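Below, chain A is the first sequence line, B the second, and so on; all start at residue 1. Keep in mind that the numbers below use all heavy atoms, side chains included, and drop hydrogens, waters and symmetry copies. Everything numeric here is computed off the predicted structure, so don't read it as measured data.
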There are 2 protein chains.
Amino acid sequence: MEDPSPASASLTPVSYLVLGLVARHGSATPYDLKVFAAQSVGNFWSFAHAQLYKEPPRLAEAGLLVEEREESGRRRRIFRITDAGRAALRAWLASGETALGELRAPGLLKLAFAELGGPADAVELARGQVAAHRSQLATYEAFAALPADAMPWSLRRALELGLGYERLQIDFWARLLDDLMAGRVEGAGRVEGEAAGPVAAEPGAG
Amino acid sequence: MEDPSPASASLTPVSYLVLGLVARHGSATPYDLKVFAAQSVGNFWSFAHAQLYKEPPRLAEAGLLVEEREESGRRRRIFRITDAGRAALRAWLASGETALGELRAPGLLKLAFAELGGPADAVELARGQVAAHRSQLATYEAFAALPADAMPWSLRRALELGLGYERLQIDFWARLLDDLMAGRVEGAGRVEGEAAGPVAAEPGAG
DNA sequence: AAGAGACCGTCTCCTTCGGACGGTTTCCAC
DNA sequence: GTGGAAACCGTCCGAAGGAGACGGTCTCTT
């Protein structure tokens, strides 16, 4: 049993990013991809730029893209999408794939263990998160302020989820901060002026 | 210039997960870690179980954990935290590290390129996302329904962010679905009964 | 005492990640 | 025009992460 179709090699999120970006713009060099990505989805989902150089040749080998060469001095690789590539992209868009993804926020991990630190630590964390998410929100808002024709409707919608997400984070951490300051958190001590907290160490099940 | 302290080798999120879990429970075997993780942070942030077997020995080598052996038949490795480990954990909790993380939701990536598919595709996507996030929300709600003393306050708080996140997603996709069905999306066609959509292909800048 | 099923652990392969490094082109001062 | 600074562009590598196949061990039941 051999794979009858090299084009059906497993496609990852990066693959679809590349396919989508090339389809949207007609053609692109890896560098273009890097720039396009940064201006669109890269806002929520960053890709190592090395991937954007490696992926197009892979897709070309699978027949989903074709590669040309610039004639000018730099002789950059220019990629265009093929019918097979369009089909793969359309299949992905049409598939009922509903993977969820995860809430991999470093701040959340830290919060999950905040009971092991002092109350002041949690306060610091919350403050930092509020600030960081506010700044990210500002970035998104600047992007969202672009004229309507600066991006396709779908991307704008995606941006709106990003805005909602940042606002959710800000609200969450701000509320936590309030509760912490007001001593309204059951189990967490009231924050006075202390800086270092205890880390639990009682022996347990082995 | 050499690293004077082997214990200061770079610690990753997995490191802190392990450190935190061991600190919280007093001691743990790698298998315990796997179970503990699944019952707590694993809800939002999953770790490959192989990591939970590899990380403790690494931390032990760095002096942050100590390893014992069960005497019984299976002779499992039991890990406990050291003072250095507690210090590292406390330092992490107290540090103003505020990395943001990203919104790496596969559905979001797909949405960003939805203009390249047909209106029916976006509808399918939205429907699927609503269903998937509703199911995830139900899982979180069941977890949140546990008695107050079933988890530390910090973990419960983290859970609450998870709940908010799922509700945000549900609202977002449900609203998109509504707008799509009502033809209220500028640029997206009204969904009639079509199934396959076009993928843009006009040549552009090279 | 035997076998089923849960429990527990390791290994390997492949991808991703981050970033160091290096070369090229353009532009501007002079 | 020429030198070089600055932006532009591309490749490579080592370390870490992730999926999951595979294998061994214990417990419980009959």
Side-chain angles (χ1 to χ4, degrees), chain A residues 3 6 9-18 21 27-39 41-42 44-62 67-79 97 99-102 104 106 109 205-206, chain B residues 3 6 8-18 21 27-39 41-42 44-62 67-79 99-102 104 106 109 205-206:
Chain A
D3 189 350
S10 73
L11 297 178
T12 66
V14 207
S15 311
Y16 293 113
L17 174 74
V18 171
L21 250 19
S27 73
T29 67
Y31 183 76
D32 288 337
L33 290 174
K34 183 185 136 175
V35 173
F36 293 154
Q39 287 167 350
V41 250
F44 332 103
W45 190 333
S46 74
F47 296 89
H49 71 276
Q51 281 185 279
L52 300 181
Y53 282 87
K54 258 186 284 183
E55 191 66 17
R58 246 192 61 183
L59 294 175
E61 209 170 330
E67 180 179 341
E68 296 169 33
R69 280 280 185 173
E70 253 184 2
E71 291 306 323
S72 75
R74 215 179 267 254
R75 294 188 46 72
R76 284 177 291 201
R77 297 157 159 231
I78 301 172
F79 293 89
E97 177 256 9
L100 275 181
E102 292 178 345
R104 292 196 171 207
L109 184 64
Chain B
D3 188 351
S8 70
S10 74
L11 296 179
T12 66
V14 208
S15 311
Y16 293 113
L17 174 75
V18 170
L21 251 19
S27 74
T29 67
Y31 183 76
D32 288 337
L33 291 174
K34 183 186 135 173
V35 173
F36 294 154
Q39 286 167 351
V41 251
F44 333 103
W45 190 331
S46 75
F47 296 89
H49 71 275
Q51 282 185 278
L52 301 182
Y53 282 89
K54 259 185 284 184
E55 192 64 18
R58 246 193 60 183
L59 294 175
E61 209 170 331
E67 180 179 342
E68 297 168 32
R69 280 280 185 174
E70 256 184 2
E71 291 306 323
S72 74
R74 216 179 267 254
R75 295 187 43 73
R76 283 176 293 199
R77 296 156 159 233
I78 300 174
F79 293 89
L100 274 180
E102 293 178 345
R104 292 197 171 206
L109 184 63

Whole angstroms only, please: what is the [atom1]-[atom2] distance between [X] and [N]?
X       : N      : atom1 : atom2 : value
A:Leu17 : C:dT16 : CG    : P     : 12 Å
A:Phe47 : D:dG17 : CZ    : P     : 19 Å
B:Leu52 : C:dC7  : CG    : C1'   : 16 Å
B:Leu59 : D:dA16 : CG    : P     : 12 Å
B:Tyr16 : D:dG17 : OH    : P     : 13 Å
B:Lys34 : D:dG20 : NZ    : C1'   : 12 Å
B:Glu67 : C:dG9  : CD    : C1'   : 13 Å
B:Arg69 : C:dG9  : CZ    : P     : 9 Å

Taking 4.0 Å as the cut-off, does a side-chain nitrogen or oxygen of [X] come that near to OP1 or OP2 on [N]?
X        : N      : value
A:Gln51  : C:dT15 : no
A:Arg104 : D:dG18 : yes
A:Tyr53  : D:dT11 : no
B:Thr12  : D:dG17 : yes

Tell me which nucleotide among [options] gets nearest to the side chain of [X].
X       : options                : answer
A:Thr29 : D:dG10, D:dG18, C:dG9  : D:dG10
A:His49 : D:dT11, D:dG10, C:dC11 : D:dT11
B:Arg76 : D:dA19, C:dG18, C:dG9  : C:dG9

Does any part of the side chain of [Y], heavy atoms only, come nearer than 4.5 Å to the side chain of [X], both counted from C-beta?
X       : Y        : result
B:Ser46 : A:Glu102 : yes
A:Ser15 : A:Thr12  : yes
A:Val35 : A:Asp32  : no

Q) Do the rings of A:Tyr53 and A:His49 sit parallel, tilted or perpendicular, given the 30° and 60° boundaries? A)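 A:Tyr53 and A:His49: perpendicular rings.
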
**Q.** Note: A:Arg58-A:Glu61 ion pair, threshold 4.0 Å (strictly below)
**A.**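 No, no charged N to carboxylate O under 4.0 Å.
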
(Q) Let me spell it out: for each of B:Pro30 and B:Lys54, pick the nucleotide of DNA chain C with the closest heavy atom. Which residue's pick is nearer the 5' end? (A)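 Per heavy-atom nearest nucleotide, the more 5' residue is B:Pro30.
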
